[in-house]
Amino acid sequence: MTEEEVGARLVALLAPVEATPSVSGGQRFARATVDVPLASWSAAVRAARDDSELACDFFDWLSAVDELAEGFDVVAHLWSTRLRHGVLLRTRVPRDAPSVASVVDVYPGAAWHERETHEMFGIDFDGHGELRPLLLPPEFEGHPLRKEFVLASRVAKPWPGAKEPGESEAGGGRRPIRPPGVPAPGEWGTTPTPAGAGGVGEGPRGGTPARPAAERQARPAPGARPARTPRAAGAADAPPPADEPAPGAGPAASRGEPVADPPVRDDRTDHDGGTA
């Protein structure tokens with residue numbers, strides 16, 4: 001079955017429920033995608049497993065996507081090991097009451113996925129019965145994969161790059177772009193931001209001043225040597241610089257003198273490989 005046929009088949013099984021089929025991805029990554037109402041989530045998962053033409057007997061994964069004010073999209077991917085096709089099921093839960101039916105009774109392998117999604121997004125799965133912490137310590141507060149979750153490490157330590165996100169070489173009035181989870185200066189705790197990092201509506205400017213460029217010394221060109229300091233009068237007896245050999249020191253070849261051949265030994269015996 002093609003991706004379009006898989007989506008159309010699942011929509012027909014859920015009728016009269018209004019489900020929306022589509023195809024996500026492209027080429028060999030294309031996948032049939034069906035958006036179902038929240039109340040039909042468990043029924044859609046069961047229909048994909050039990051229908052003989054879909055036969056999605058393998059539970060692949062389940063997670064969620066934070067859509068901010070629109071709520072959360074709960075997403076599950078199912079696969080047919082016999083027919084070699086898959087389907088991506090999606091449903092949306094409201095942000096003020098994020099709850100959806102558990103599918104552990106359909107696919108027992110979904111237990112860990114629902115625990116992780118509950119832990120990271122704060123979504124409840126009715127009927128799961130054991131939504132214990134899976135990745136985080138029990139005393140951890142908040143849900144790290146929600147977009148409003150504040151990254152405390154970015155509050156305690158400024159952006160490690162040379163410039164804040166959104167700043168250009170020329171500077172100017174472009175508003176810095178902050179990724180999700182990074183609060184504006186002064187919005188959450190004390191944020192030591194570099195001078196000029198704040199834009200319009202981004203809190204007060206200032207903080208830790210940027211280091212002026214004049215403090216950095218220019219590096220010499222590759223292979224260049226610093227100029228030597230001329231030797232003062234009366235310093236003839238002073239030792240030569242470290243990079244110059246002392247007069248008379250070093251091999252004779254470095255002083256331009258002829259090098260004599262080593263003496264020839266005539267006292268070799270049979271014991272050292274020669275003849276008497």
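Count residues from 1 along the sequence. Basis for what follows: all heavy atoms, side chains included, without hydrogens, waters or symmetry-related copies.
- Between the side chains of H77 and R31, a donor-acceptor pair is found at a separation under 3.5 Å.
- A 6.0 Å sphere centred on CD of Q27 holds no more than 12 heavy atoms belonging to other residues, nucleotides or ligands.
- The existence of a salt bridge linking D73 and R90 is excluded, since no basic side-chain nitrogen approaches an acidic carboxylate oxygen closer than 4.0 Å.
- Open room surrounds CD on E18; 12 or fewer heavy atoms of other groups in view lie less than 6.0 Å from it.
- Classification of D66 and K147 as a salt-bridged pair fails, no side-chain N sitting under 4.0 Å from a carboxylate O.
- Side-chain contact check for V36 versus L14: some heavy-atom pair is nearer than 4.5 Å.
- Paired with Y107 under the rule ring-ring contact (aromatic ring centres under 6.0 Å, His included), one option of W79, F59, F58, W61 passes, and it is F59.
- Using a cutoff of 4.0 Å between basic side-chain nitrogens and carboxylate oxygens, R49 and D57 are not scored as salt-bridged.
- Considering only heavy atoms from C-beta on, S80 stays 4.5 Å or farther from V87 through its side chain.
- Remark: side-chain polar atoms of T2 are paired, donor with acceptor, to backbone N or O of E5 under 3.5 angstrom.
- Across all their heavy atoms, D105 and R46 have their closest contact at OD2-NH2, 3.1 Å.
- No chain of hydrophobic side-chain contacts below 4.5 Å, direct or via other Ile, Leu, Val, Met, Phe, Trp or Tyr residues, connects V45 to V75.
- A salt bridge does not link E4 with R9: none of the charged nitrogens is closer than 4.0 Å to a carboxylate oxygen.
- Residues D126 and S102 have side chains that never bring a donor and an acceptor to within less than 3.5 angstrom of each other.
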Should M1 and H85 be marked as a side chain to side chain contact (heavy atoms under 4.5 Å, CB included) after you check the CA-CA gap, both sets of side-chain angles, and the distance that decides it? CA-CA 7 Å; M1 299 176 69; H85 61 231; 3.9 Å; yes
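- Hydrophobic side-chain contacts under 4.5 Å tie L68 to no other Ile, Leu, Val, Met, Phe, Trp or Tyr residue.
- Counting heavy atoms from C-beta outward, R115 and F125 have side chains that stay 4.5 Å or more apart.
- Between R92 and E70 a salt bridge is recorded (basic side-chain N to carboxylate O distance below 4.0 Å).
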List the steps and the verdict of side chain to side chain contact (heavy atoms under 4.5 Å, CB included) for F72 and R95. CA-CA 7 Å; F72 300 95; R95 196 173 196 86; 3.5 Å; yes
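- H128 is listed as a side-chain neighbour of E114, based on a closest heavy-atom distance under 4.5 Å.
- Looking at heavy atoms from C-beta onward, L89 lies in side-chain contact with W41 at the 4.5 angstrom threshold.
- At a threshold of 4.5 Å between non-hydrogen side-chain atoms, the residues V6 and L54 count as touching.
- I123 is listed as a side-chain neighbour of V74, based on a closest heavy-atom distance under 4.5 Å.
- In this structure, the side chains of F121 and V65 stay at 4.5 Å or more apart for every pair of heavy atoms.
- Here the closest non-hydrogen pair linking A19 and V34 is CB-CG1, 3.9 Å.
- Residues V100 and L134 fall within the same hydrophobic cluster, defined by Ile, Leu, Val, Met, Phe, Trp and Tyr side chains chained together at heavy-atom separations under 4.5 Å.
- Checking L78, T81, L10 one by one against C56, the side-chain contact (heavy atoms from CB on, under 4.5 Å) holds for a single residue, L78.
- Between L88 atom CG and D35 atom CG the span is 8.5 Å, to the nearest 0.5 Å.
- Looking only at distances, no side-chain donor or acceptor of E3 sits under 3.5 Å from a matching main-chain atom of V23.
- We find the CG-CD distance between L135 and E116 to be 5.0 Å, quoted to the nearest 0.5 Å.
- At a threshold of 4.5 Å between side-chain heavy atoms, the hydrophobic network of Ile, Leu, Val, Met, Phe, Trp and Tyr places V104 and L131 in two separate groups.
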